[in-house]
A.B. asks: 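Please see the structure below; I have some questions.
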Amino acid sequence: MAKELKELTPREESYSQWYNDLVVKAGLAENSAVRGCMVIKPYGYAIWEKMRDALDAMFKETGHVNAYFPLFIPKSFLSKEAAHVEGFAKECAVVTHYRLKNDPQGKGVVVDPEAKLEEELIVRPTSETIIWNTYKNWIQSYRDLPILCNQWANVVRWEMRTRLFLRTAEFLWQEGHTAHATRQEAIEEAERMIQVYARFAQEWMSVPVIIGHKSESERFAGADDTLTIEALMQDGKALQSGTSHFLGQNFAKAFDVQFTNKEGQLDYVWATSWGVSTRLMGALIMAHSDNNGLVLPPKLAPIQVVMVPIYKGLDELAQIVARMEEIAAELKALGVSVKIDDRDHVRSGFKFAEYELKGVPVRLAIGPRDLAGGTVELARRDTLTKAIVPQAGIAAHIRALLDEVQQNIFQKALDYRQGMITRVDSYDQFKQVLEEKGGFLLAHWDGTPETEEQIKNETKATIRCIPVDAPDEAGSCIISGKPSARRVLFAKSY
RNA sequence: CGGGGUGUAGCACAGUCCGGUUAGCGCGCCACGUUCGGGACGUGGAGGUCGGAAGUUCGAAUCUUCUCACCCCGACCA
């Protein structure tokens with residue numbers, strides 16, 4: 001069968017191939033003709049739209065508004081903040097010309113050398129610079145603050161190696177950029193938004209995350225502090241799933257954005273930026289999928305319930321579909337999205353496998369026996385269990401079941417994640433656990449970039465974050481033996 | 001950007017070493033029929049500049065040179 005997914009346990013070496021296979025076969029995305037860029041297919045995009053809508057509503061609740069800034073950034077803007085240019089310069093796509101012409105040799109078209117731009121334009125890898133150049137004109141007084149803008153956009157980072165959803169040359173994301181009158185207010189904003197991300201990951205994606213601060217060397221280029229949510233995938237590797245940065249006054253100083261405060265004095269504006277991307281799709285896929293395919297949490301499933309008729313002959317099909325439409329109407333009235341698959345050219349068993357591959361949370365099958373007995377066969381994607389239930393009251397039953405599935409998927413991911421957090425107290429133990437088990441390691445660290453670097457070089461594990469809820473615990477660094485006030489979170493990561 | 005590998009139908013591949021009819025298999029696709037409570041089967045059919053360019057040869061998917069693209073492993077990163 002062409003649709004058949006390769007059998008694989010998640011920890012095998014070829015997990016990445018299994019993941020790729022799944023993304024393609026479930027109809028989410030595929031590689032495009034353009035190097036490192038992907039095509040997001042309708043089913044994948046439908047999931048992304050659900051994520052986007054849910055996040056957007058959360059941003060609005062927290063007082064944010066949407067705006068849009070240019071795709072192109074003059075090269076000179078990017079060089080204004082030293083750390084920022086250092087971080088992004090190596091992976092920028094650059095526009096150098098604005099016109100093509102017919103090849104004088106007659107071979108298609110060539111870049112017209114006459115049309116060279118005086119100043120090259122960078123395709124945004126992130127929008128801090130263009131936005132702060134704009135904010136400069138918006139801000140004069142403390143009365144103009146805060147500015148709480150978000151934009152939904154695409155960005156380009158010319159990565160050496162790409163993987164569907166996890167790292168593509170072009171990706172979709174949202175980026176919030178806020179300006180504040182005080183340091184404290186900006187810090188609170190950055191913390192508020194990482195909490196929004198954590199809530200979204202857990203309540204919508206059913207993906208448990210650990211919130212924490214990045215170490216200095218993992219921090220966003222140009223930030224004073226980076227907050228992150230870290231999720232754990234089923235192969236034991238971590239995925240940075242969203243970040244929220246306290247930018248201090250770095251961009252305000254680079255773009256000379258000053259305002260008059262209540263006391264009548266000039267001061268630089270305090271800033272944050274925060275973003276999540278289509279990488280969340282990767283997190284969603286890798287956190288829950290099994291050998292039958294995707295497992296989607298009901299809140300993000302484009303189709304929450306699929307109905308498959310089981311029949312002989314078109315008369316019977318029509319009869320069953322008529323009954324299904326009645327049930328579908330009841331479900332839709334409760335806000336449940338339903339698809340009736342009445343295709344006659346594929347058999348029911350094929351449909352079952354197909355919707356499992358696509359991760360549809362609940363499946364109803366109705367055949368002649370059910371029609372006679374007033375029952376349906378109800379199957380859950382998360383547990384792969386089936387039950388015969390009465391048609392009476394089915395809509396309310398399913399509505400409640402969807403919430404249960406949502407919760408169950410989260411609980412399963414949480415149990416796995418909790419089992420994959422290991423406290424280690426020596427470097428030998430660190431290496432052993434990393435090798436044999438993977439997952440998150442909680443260990444003492446002396447706080448120096450040198451130690452972090454050594455661990456990274458020797459084991460490929462990095463500090464994912466210093467968890468915000470890490471309890472104070474006196475200990476000694478697993479490398480240097482120097483004192484440490486709390487454990488930090490290590491893992492191999494994507 | 002280093003080290004490996006692969007380009008042949010929508011997909012996955014055989015054929016290439018050792019040149020020789022009209023380039024082949026499976027899946028998918030189209031038509032008809034039989035089926036239908038977990039990925040059906042039969043019969044017939046359509047679909048190819050063998051990644052591209054140049055060369056060697058009576059003759060190139062196959063040999064030579066150049067080139068492009070993609071995949072995997074590193075370094076880099078949401």
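A, B, ... follow the sequence lines: proteins, then strands. Residue 1 opens every chain. Since this is a predicted model, take the numbers as computed values, not measurements.
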A.B. asks: Can you name the salt bridge (Lys or Arg N to Asp or Glu O under 4.0 Å) partners of A/Lys299, sequence neighbours left out?
C.D. replies: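 A/Lys299 satisfies salt bridge (Lys or Arg N to Asp or Glu O under 4.0 Å) with no other residue.
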A.B. asks: I'd like to check the side chain to side chain contact (heavy atoms under 4.5 Å, CB included) partners of A/Ala353; sequence neighbours left out, ordered by chain and number.
C.D. replies: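 For A/Ala353, no residue satisfies side chain to side chain contact (heavy atoms under 4.5 Å, CB included) once neighbours in sequence are set aside.
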A.B. asks: Just checking, any donor-acceptor pair under 3.5 angstrom between side chains of A/Arg464 and A/Thr462?
C.D. replies: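 Distance-only check passes for A/Arg464 and A/Thr462.
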A.B. asks: With a 3.5 Å limit on both atom pairs, tell me what B/C1 is paired to, counting Watson-Crick and G-U wobble, or say none.
C.D. replies: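 Paired with B/C1, as far as the under-3.5 Å criterion goes, is B/G74.
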A.B. asks: In terms of the nearest nucleotide of RNA chain B, which residue is placed more toward the 5' end: A/Arg464 or A/Val346?
C.D. replies: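 Closest to the 5' end, via its nearest nucleotide, is A/Val346.
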A.B. asks: Which whole number of Å gives the distance between the C1' atom of B/G59 and that of B/C30?
C.D. replies: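 Rounded to whole Å, the distance is 37 Å.
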A.B. asks: Taking the nucleotide of RNA chain B with the closest heavy atom to each, which residue, A/Arg219 or A/Phe352, is nearer the 5' end?
C.D. replies: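 Its nearest nucleotide lies further toward 5', so the answer is A/Phe352.
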A.B. asks: Searching all strands shown, indicate the nucleotide that pairs with B/G44 (Watson-Crick or G-U wobble; both distances under 3.5 Å).
C.D. replies: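 Paired with B/C30.
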A.B. asks: Spell out yes or no: do the side chain of A/Glu356 and the base of B/G39 have one donor N/O and one acceptor N/O closer than 3.5 Å?
C.D. replies: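 No, no donor-acceptor pair under 3.5 Å.
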A.B. asks: Using the P atom on both, measure B/U43 against B/C25 and round to a whole Å.
C.D. replies: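 So the two P atoms sit 14 Å from each other.
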A.B. asks: Mind checking A/Thr243 for me? I need base, sugar-phosphate or nothing, with any heavy atom below 4.0 Å counting as a touch.
C.D. replies: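 Answer is nothing: A/Thr243 stays at 4.0 Å or more from every strand.
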A.B. asks: Of the options B/C76, B/G37, B/A78, whose atoms approach the side-chain atoms of A/Ser277 most closely?
C.D. replies: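 Nucleotide nearest to A/Ser277's side chain: B/A78.
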A.B. asks: Taking side chain to side chain donor-acceptor pair (under 3.5 Å) as the test, write out the residues that go with A/Tyr43, two or more places apart.
C.D. replies: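 Once residues adjacent in sequence are excluded, A/Tyr43 has no partner under the side chain to side chain donor-acceptor pair (under 3.5 Å) criterion.
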A.B. asks: In whole Å, measure the gap between the P atoms of B/A54 and B/C41 for me.
C.D. replies: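 Approximately 46 Å lies between the P atom of B/A54 and that of B/C41.
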A.B. asks: If you look at every strand shown and take non-hydrogen atoms under 4.0 Å, does A/Arg363 touch a base, only sugar-phosphate, or nothing?
C.D. replies: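 The residue A/Arg363 makes base contact.
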A.B. asks: Write down the partner of B/G37 under the Watson-Crick or G-U wobble criteria, each distance required to be under 3.5 Å.
C.D. replies: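 The base-pairing partner of B/G37, which may sit in any strand shown, does not exist here.
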A.B. asks: Pairing check on B/C13: which nucleotide meets the Watson-Crick or G-U wobble criteria with it, both distances under 3.5 Å?
C.D. replies: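 Looking at the geometry, B/C13 pairs with B/G24.
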A.B. asks: May I have the distance from A/Glu458 (atom CD) to B/A75 (atom P), rounded to whole angstrom?
C.D. replies: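 From A/Glu458 CD to B/A75 P: 14 Å.
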A.B. asks: Using the P atom as the reference point in each nucleotide, state the distance between B/C27 and B/C68 in Å, no decimals.
C.D. replies: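 Between the two P atoms, the distance is 38 Å.
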A.B. asks: Grab the NZ-C1' distance between A/Lys25 and B/C27 for me, whole Å please.
C.D. replies: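 It is 11 Å, rounded to the nearest whole Å.
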A.B. asks: Using a heavy-atom cut-off of 4.0 Å across all strands, would you classify A/Thr168 as base, sugar-phosphate, or nothing?
C.D. replies: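 Base, at least one base atom sits under 4.0 Å.
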A.B. asks: Distance between the C1' atoms of B/U57 and B/C63, in whole angstroms?
C.D. replies: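 The same atom, C1', in both gives a distance of 10 Å.
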A.B. asks: Please evaluate the base of B/G37 for a donor-acceptor partner in the side chain of A/Arg347 within a cut-off of under 3.5 Å?
C.D. replies: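 Between B/G37 and A/Arg347, which were checked side chain against base, a qualifying N/O pair under 3.5 Å is absent.
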A.B. asks: Tell me which residues in residues 376-386 of chain A lie within less than 4.0 Å of RNA chain B, going by non-hydrogen atoms.
C.D. replies: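 Result for residues 376-386 of chain A: A/Glu377, A/Lys386, sorted by number.
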A.B. asks: With both distances under 3.5 angstrom, what nucleotide forms a Watson-Crick or G-U wobble pair with B/G7?
C.D. replies: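 Its partner is B/C68.
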A.B. asks: Can you find a side chain N or O atom of A/Lys460 that sits less than 4.0 Å from OP1 or OP2 on B/G74?
C.D. replies: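 Indeed, a polar side-chain atom of A/Lys460 lies that close.
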A.B. asks: Could you tell me which nucleotide pairs with B/G19 by Watson-Crick or G-U wobble geometry, both distances under 3.5 Å, or answer none if nothing does?
C.D. replies: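 Paired with B/G19, as far as the under-3.5 Å criterion goes, is no nucleotide at all.
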A.B. asks: In whole Å, measure the gap between the P atoms of B/G24 and B/U65 for me.
C.D. replies: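 The answer is 30 Å between these two P atoms.
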A.B. asks: Heavy atoms under 4.0 Å, any strand shown: does A/Phe220 hit a base, just sugar-phosphate, or nothing?
C.D. replies: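 Nothing, no heavy atom under 4.0 Å.
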A.B. asks: Quick one: do A/Glu189 and A/Arg192 make a salt bridge, cutoff under 4.0 Å?
C.D. replies: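 Salt bridge between A/Glu189 and A/Arg192, a charged N being under 4.0 Å from a carboxylate O: yes.
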A.B. asks: Are A/Asp342 and A/Lys351 close enough for a salt bridge, meaning some N to O gap below 4.0 Å?
C.D. replies: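 Looking at A/Lys351 together with A/Asp342, the answer is no, because their closest N to O distance does not fall below 4.0 Å.
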A.B. asks: Base, sugar-phosphate, or nothing: which does A/Glu159 touch, judged by heavy atoms less than 4.0 Å apart?
C.D. replies: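 Base contact.
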A.B. asks: Taking atom C1' in both B/G10 and B/G4, what distance in whole Å separates the two?
C.D. replies: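 Straight-line distance between the two C1' atoms is 29 Å.
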A.B. asks: Of the options B/A78, B/G37, B/G39, whose atoms approach the side-chain atoms of A/Phe171 most closely?
C.D. replies: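 The answer is B/A78.
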A.B. asks: Whole Å only: how far is the CG atom of A/Leu314 from the P atom of B/C36?
C.D. replies: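 For the pair A/Leu314 CG and B/C36 P, the rounded distance is 14 Å.
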A.B. asks: Categorize A/Asn31 for me: base, sugar-phosphate, or nothing, with a 4.0 angstrom heavy-atom threshold over every strand shown.
C.D. replies: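 Answer is sugar-phosphate: A/Asn31 comes under 4.0 Å of backbone atoms only.
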A.B. asks: Sequence neighbours left out, what passes salt bridge (Lys or Arg N to Asp or Glu O under 4.0 Å) with A/Glu30? Give chain and number order.
C.D. replies: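 By the salt bridge (Lys or Arg N to Asp or Glu O under 4.0 Å) rule, A/Glu30 matches A/Lys41.
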A.B. asks: With respect to A/Gln174, which candidate in A/Asp56, A/Asn66, A/Asn150 satisfies the side chain to side chain donor-acceptor pair (under 3.5 Å) definition?
C.D. replies: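 Output: one option passes, namely A/Asn150.
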A.B. asks: Taking atom P in both B/C29 and B/C11, compute the distance separating them and give it to the nearest angstrom.
C.D. replies: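 Result for the P pair: 15 Å, nearest Å.
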A.B. asks: Would you indicate what A/Leu280 reaches in the nucleic acid, counting non-hydrogen atoms under 4.0 angstrom: base, sugar-phosphate, or nothing?
C.D. replies: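 Nothing, no heavy atom under 4.0 Å.
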A.B. asks: Under a 3.5 Å cut-off for both contacts, is B/C50 paired Watson-Crick or G-U wobble with anything, and if yes, with which nucleotide?
C.D. replies: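 B/C50 is paired with nothing.
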A.B. asks: What pairs with A/Arg163 under salt bridge (Lys or Arg N to Asp or Glu O under 4.0 Å), at least two apart in sequence or on another chain?
C.D. replies: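 In terms of salt bridge (Lys or Arg N to Asp or Glu O under 4.0 Å), with neighbours along the sequence ignored, A/Arg163 is linked to no residue.
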A.B. asks: Is it true that A/Trp274 and A/Phe246 have ring centroids separated by less than 6.0 Å?
C.D. replies: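 No, too far apart.
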